[in-house]
Protein chains: 2
Amino acid sequence: MIDETLSEKEQIRSAGLKVTHPRMRILELLENSSKAHLSAEEVYRMLIESDEEIGLATVYRVLTQFEQSGILQRHNFETGHSVFELDRGEHHDHLLCVSCGMVEEFHDEQIEKLQHEVAERYDFKTIDHSLTIYGNCKECKNGR
Amino acid sequence: MIDETLSEKEQIRSAGLKVTHPRMRILELLENSSKAHLSAEEVYRMLIESDEEIGLATVYRVLTQFEQSGILQRHNFETGHSVFELDRGEHHDHLLCVSCGMVEEFHDEQIEKLQHEVAERYDFKTIDHSLTIYGNCKECKNGR
DNA sequence: ATACTGTTGATAATCGTTATCATTTGCGTA
DNA sequence: TACGCAAATGATAACGATTATCAACAGTAT
């Protein structure tokens, strides 16, 4: 979960990481992206298009570090690759359009509560949970 | 969703597939397994151990065909590989122990209903949905 | 039994991701 | 400000899971 009042530099520092060129560029990119959910390959391509000489290995490494320090969240939808988004603190679930790939976020307190009850019922210590609804969005449902 | 009253042979036939040795063995294995959720590699290894000469490529192919014809369900938990289980019709969600890999199934009608409401709220046509709770099971939570 | 088409198995290829390692770079210290 | 060193980088090899290729083989309708 990030503190929006911290600058990129401060966020990276407080994650215990050196403030380097690749890390700054990647964090800026995530914060300025119009798409909330990006894959490593997408981040890499966007950097290349901005004439940044950042290797693919570095992109994967930095994204993983950002995830581990809580700057980013990683999601594994059923697409065969991970996508990342800024962790803004509020837990949410996803609606994913299988036609156009669009991702919509939602939060439902009632569902959250029921999930905790289920975990309790099975004597499970919840670490994380993910709920994704796959389907067709408004646009794709009708024409396209 | 499979009809339990159909024999393996009939299930394969009604999927529009030829009744072959590998398909029979794989379906039998799934139906007799004590573990409900198996990966392609696990199925392959179990076949090898039963002295079955079935190639890994065939295992992947058959599992995919069984999934497409509704005999199996495929799940992509956050483990990096797919697992398969017989589709018995009743939708359910999963509790996954990140320590021992144990998978527990549950069904909560209330959660189902709330998910439909969310989809409606966003004008989404639901095709599928998956809810997985990651954590530590009863055993792993305490000693191990 | 025959023929035709789907299926199989060995293996190469692919995809997303991680490991390796020589070179470079932040950054605390002198 | 220059120095030194551990941490970080980038090119690329390696990896694990899965899919494609293709010649040999096997169900099944006739």
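Hydrogens, waters and symmetry mates play no part in the numbers below; they use all other heavy atoms, side chains included. Throughout, a chain's letter reflects where its sequence line sits, starting with A, and its residues are numbered from 1.
Within the 4.5 Å cutoff, the side chain of B/Leu29 has heavy atoms near those of the B/Leu47 side chain.
Counting to the nearest Å, the C1' atom of D/dT19 and the NE2 atom of A/His81 are 17 Å from each other. Atom C1' of nucleotide D/dG10 and atom CZ of A/Arg25 are separated by 17 Å, given to the nearest angstrom. Rounded to a whole Å, the CG atom of A/Leu56 is 13 Å from the C1' atom of D/dT9. Between A/Ile12 atom CD1 and D/dA8 atom P the separation is 11 Å, expressed in whole Å. A/Glu78 places its CD atom 18 Å from the P atom of D/dA17, with the value rounded to the nearest Å. Between the P atom of D/dT19 and the CG atom of B/Leu63 lies a distance of 10 Å, rounded to the nearest Å. The interatomic distance linking A/Glu53 (CD) with C/dT25 (C1') rounds to 16 Å, in whole Å. Rounded to an integer number of Å, the gap from A/Tyr44 OH to C/dT17 C1' is 14 Å.
The side chain of A/Lys18 lies closest to D/dA6 when the candidates are C/dT17, D/dA6, D/dT18. Of the candidates D/dT18, C/dT17, D/dA8, the closest approach to any side-chain atom of A/Glu41 belongs to C/dT17. Here the side chain of A/Pro22 is nearest to one of D/dT18, D/dA11, D/dT9, namely D/dT9.
OP1 or OP2 of D/dT9 has at least one side-chain nitrogen or oxygen of A/Thr20 nearer than 4.0 Å. Residue B/Thr64 has no polar side-chain atom (N or O) positioned under 4.0 Å from OP1 or OP2 of D/dT18. The phosphate of C/dG9 (OP1 or OP2) has a side-chain N or O of B/Thr58 nearer than 4.0 angstrom. Between B/Arg61 and D/dT19 there is no side-chain polar atom (N or O) within less than 4.0 angstrom of OP1 or OP2. The side chain of A/Ser39 places no N or O atom within less than 4.0 Å of a non-bridging phosphate oxygen (OP1 or OP2) of C/dG16. At D/dA17, none of the side-chain N or O atoms of B/Ser82 fall inside 4.0 Å of OP1 or OP2 (strictly under the cut-off). OP1 or OP2 of C/dT18 has not a single side-chain nitrogen or oxygen of A/Tyr60 nearer than 4.0 Å.
No side-chain donor-acceptor contact under 3.5 Å links A/His107 and A/Glu105. Defined by atom type and a distance below 3.5 Å, a donor-acceptor pair is present between the side-chain atoms of B/Glu112 and B/His91. Side-chain contact check for A/Glu31 and A/Gln11: at least one donor-acceptor pair (N or O, by modelled atom type) lies under 3.5 Å.
Between B/Val83 and B/Phe77, the shortest heavy-atom contact is CG2-CE1, 3.7 Å.
Here A/His129 contributes atom NE2 and B/Leu95 contributes atom CG; the two are 12.0 Å apart, rounded to the nearest 0.5 Å.
The list of side chain to side chain donor-acceptor pair (under 3.5 Å) pairs with a residue in residues 72-83 of chain A, not counting sequence neighbours, reads A/Thr64-A/Arg74, A/Glu67-A/Arg74, A/Arg74-A/Ser82, A/His75-A/Glu85, A/Asn76-A/Ser82, A/Asn76-B/Glu78, A/Glu78-B/Asn76.
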Handout entry: Verdict with supporting geometry, B/His37 and B/Glu42, side-chain hydrogen bond (donor to acceptor under 3.5 Å, both in side chains)
Key = CA-CA 10 Å; B/His37 301 79; B/Glu42 281 174 319; over 6 Å; no

Practice task
Represent DNA chain C in dot-bracket notation, 5' to 3'. Only Watson-Crick or G-U wobble pairs with both distances under 3.5 Å count; pseudoknot-style crossings use [ ] and interstrand partners use |.
Solution key: ||||||||||||||||||||||||||||||

